[in-house]
Amino acid sequence: MTLVTGFRTVHRLRGWFWKLHDKSLDPAWLVATTAAVVLLAMLAHRLRARPLAALSCVFALAAVSQFGLARAEGRGLDALRERAAFGGHGEFGRTAAEGVPASEVLTDYESLAARVDHPFFAVKPPGLLLTYVALDRLAQRLVPADALERAPTMAALPPRRRQLIELMAWLLPWVAALAVLPIGLVVRVLSPNAHWLATALLFAMSAPLALITLHMDQVVYPGAVAALWYCSLRAGLSQARAWAWGVAAGQIAWLMAFVSFGLLPAVALAPCMVAAIAPHRRWRRTTWFLASLVATTAALWCVFALAFGYDPVLRYERALAAHSAWKHWSWDLGAVLAATRINLVEFGWWANPALIVAWISGAAAALRRLWQRSADGPDHLVLAVTVLIAAMATIGQTFAETARLWLFILPLVLWTAVRALGELPGRTLALLCGLQWVWTVSLKHAQDFF
């Protein structure tokens, strides 16, 4: 009864994005998926002394959770295919399947962004559409031309588009699951104890990863951001090659901004990562890292400007203006406070309210240690993450949909929550994972993404 009341309460919030429904789930698929998730989690815990093997199990778990919960709707892979075909970002796939040349996307994206029938293009940089173009080319090579021609909901679509939809439904959940590998590496550097495995497992079972499927916010962004942060941590650990890791981070940062401007806040945490892991020589290493990161990004900017005429500043300004108009953003204090509330509540609700309480506890403890001048490097990172989330909530010029838009920051929130809980014996870890999985299934049943 309390859970039902909670769902009804958040659903009544002004601007709440997620629809309230009663989606029946196939008991056989639900039981089978849960059993597979439990077995893979137990195996990962048993293999925790071998990080790569353990993370491989978590990778399989993340994929199983996506496929299993989708099939639990009783419609097979149509639960995924229909998102690729008819979801909000389906227009990117539709345009890619129409054969738009990659050269046109690079050199004349502003014309595409101005088309009224493609409103999502106006708020994105060209890299997102190019991602779908690459998937379309791959689908033509790997998927038969007669794919889905007998599927009732897909039969009327052009063959090339059906090929792309089929590839996305089968491939993208696996790509999304790959994010647990760099995430696990990042957290293992930050916390060499059992926290890294707990964080990876909780992320793999989380509702945003398991349910917001076939969106690039879920498929690509968390893994790309984690890769950037891993380069930052390696720069902090390096004796003389912080600049080399900065070059790698600069390339990733450019690609992230080329695909989504919403990932720019993640770049702000990169120097915090260096400082967190190299407290004694952080200024020197951070300086080398930032200098090489900025230089690499600037070099790529010049290359794309000269070769293709792409101006990221112009595209960012127009994307931000279109996004603000779409969200009816206002700098009125009441509107900002309303956006802050809905953004934080939605992110916390989908992340799991119980773990959010632990995150707040961890942030408060880090702040207390900072006040007492006993804070360590990870404490400073925890506070930087907290400040970043507060900034995105208040001045990010968005209203709701943060369960999807902030998915890239979720691993660090979960890490903070796990860190706040201290040592994690097997039973405590099992309880946490069980709580996370039950919450994900509850959202699937009552407030699914699509």
Side-chain angles (χ1 to χ4, degrees), residues 29 32-71 77 80 138 142 167-214 216 218-231 233-234 237 248 252 407-408 410-415 417-419 424-437 440-441:
W29 269 108
T33 304
T34 300
V37 165
V38 170
L39 289 173
L40 286 167
M42 292 174 61
L43 184 57
H45 185 260
R46 182 178 291 271
L47 295 172
R48 62 190 181 278
R50 298 161 56 191
L52 186 57
L55 285 175
S56 297
C57 294
V58 182
F59 161 71
L61 188 158
V64 165
S65 66
Q66 295 174 72
F67 283 114
L69 290 178
R71 287 183 174 272
L77 278 185
L80 293 175
L138 185 62
L142 299 181
L167 176 75
M168 291 174 64
W170 282 103
L171 176 64
L172 295 192
W174 292 102
V175 178
L178 283 172
V180 303
L181 302 179
I183 288 169
L185 293 175
V186 165
V187 181
R188 189 164 184 266
V189 174
L190 292 171
S191 297
N193 52 23
H195 294 163
W196 68 271
L197 180 58
T199 302
L201 283 170
L202 291 174
F203 181 76
M205 297 181 186
S206 67
L209 184 71
L211 305 183
I212 307 178
T213 47
L214 272 61
M216 293 303 156
Q218 178 253 11
V219 174
V220 175
Y221 301 169
V225 168
L228 171 70
W229 290 340
Y230 182 70
C231 290
L233 291 172
R234 294 296 303 177
L237 293 172
I252 297 172
L407 180 53
F408 69 89
L410 180 59
L412 291 183
V413 170
L414 296 175
W415 165 69
V418 170
R419 186 170 178 260
L424 291 175
R427 291 183 180 180
T428 304
L429 179 57
L431 179 62
L432 280 176
C433 291
L435 178 67
Q436 184 77 316
W437 183 248
T440 296
V441 172

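Just so you know, residue 1 is the first one in the sequence shown, and it goes up from there.
- Considering only residues two or more places apart in sequence or on other chains, Ala430 meets the side chain to side chain contact (heavy atoms under 4.5 Å, CB included) condition with none of them.
- With sequence neighbours left out, the side-chain hydrogen bond (donor to acceptor under 3.5 Å, both in side chains) criterion links Trp170 to Glu166.
- Under the rule for a side chain to side chain contact (heavy atoms under 4.5 Å, CB included), Leu431 has no partner lying at least two apart in sequence or in another chain.
- Applying the side chain to side chain donor-acceptor pair (under 3.5 Å) definition to pairs two or more places apart or across chains, those involving residues 36-51 are His45-Arg48.
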Please report, to 0.1 Å, the donor-acceptor pairs under 3.5 Å made by any side chain of residues 34-42, with sequence neighbours excluded.
unit_1: Thr34; atom_1: OG1; unit_2: Leu30; atom_2: O; d: 2.8
unit_1: Thr34; atom_1: OG1; unit_2: Trp437; atom_2: NE1; d: 3.0

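- Here the closest non-hydrogen pair linking Ala169 and Leu80 is O-CD1, 3.7 Å.
- Leu69 approaches Val441 most closely through the heavy-atom pair CD2-CG2, 4.3 Å.
- Taken from CH2 in Trp196 to CG in Leu185, the straight-line distance is 9.0 Å, to the nearest 0.5 Å.
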Distance-only criterion, 3.5 Å: show the donor-acceptor pairs between side-chain atoms of residues 56-67 and protein atoms not counting sequence neighbours.
unit_1: Ser56; atom_1: OG; unit_2: Leu52; atom_2: O; d: 2.8
unit_1: Ser65; atom_1: OG; unit_2: Leu61; atom_2: O; d: 3.4
unit_1: Ser65; atom_1: OG; unit_2: Ala62; atom_2: O; d: 2.8
unit_1: Gln66; atom_1: OE1; unit_2: Gln218; atom_2: NE2; d: 2.7
unit_1: Gln66; atom_1: NE2; unit_2: Ala62; atom_2: O; d: 3.1
unit_1: Gln66; atom_1: NE2; unit_2: Pro173; atom_2: O; d: 3.0

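- Atoms CG and CG, from Leu171 and Leu138 in turn, are 7.0 Å apart once rounded to the nearest 0.5 Å.
- Under the rule for a side chain to side chain contact (heavy atoms under 4.5 Å, CB included), the partners of Pro182 that lie at least two apart in sequence or sit in another chain are Ala226.
- Contact check for Leu412 versus Trp229: side-chain heavy atoms found under the 4.5 Å cut-off.
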Could you list the donor-acceptor pairs under 3.5 angstrom formed between side-chain atoms of residues 198-212 and any protein atom two or more places apart in sequence or on another chain?
unit_1: Thr199; atom_1: OG1; unit_2: His195; atom_2: O; d: 2.8
unit_1: Ser206; atom_1: OG; unit_2: Phe203; atom_2: O; d: 2.7

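- Contact between Leu197 and Ala54 at its shortest, heavy atoms only, is CD1-CB, 4.4 Å.
- Distance check, rounded to the nearest 0.5 Å: CD1 of Ile252 to CG of Leu228 gives 6.0 Å.
- With rounding to the nearest 0.5 Å, the separation of CG in Leu55 from CZ in Arg188 is 8.5 Å.
- Heavy atoms only, all atoms of each residue included: Leu407 and Pro222 are closest at CG-CG, 3.9 Å.
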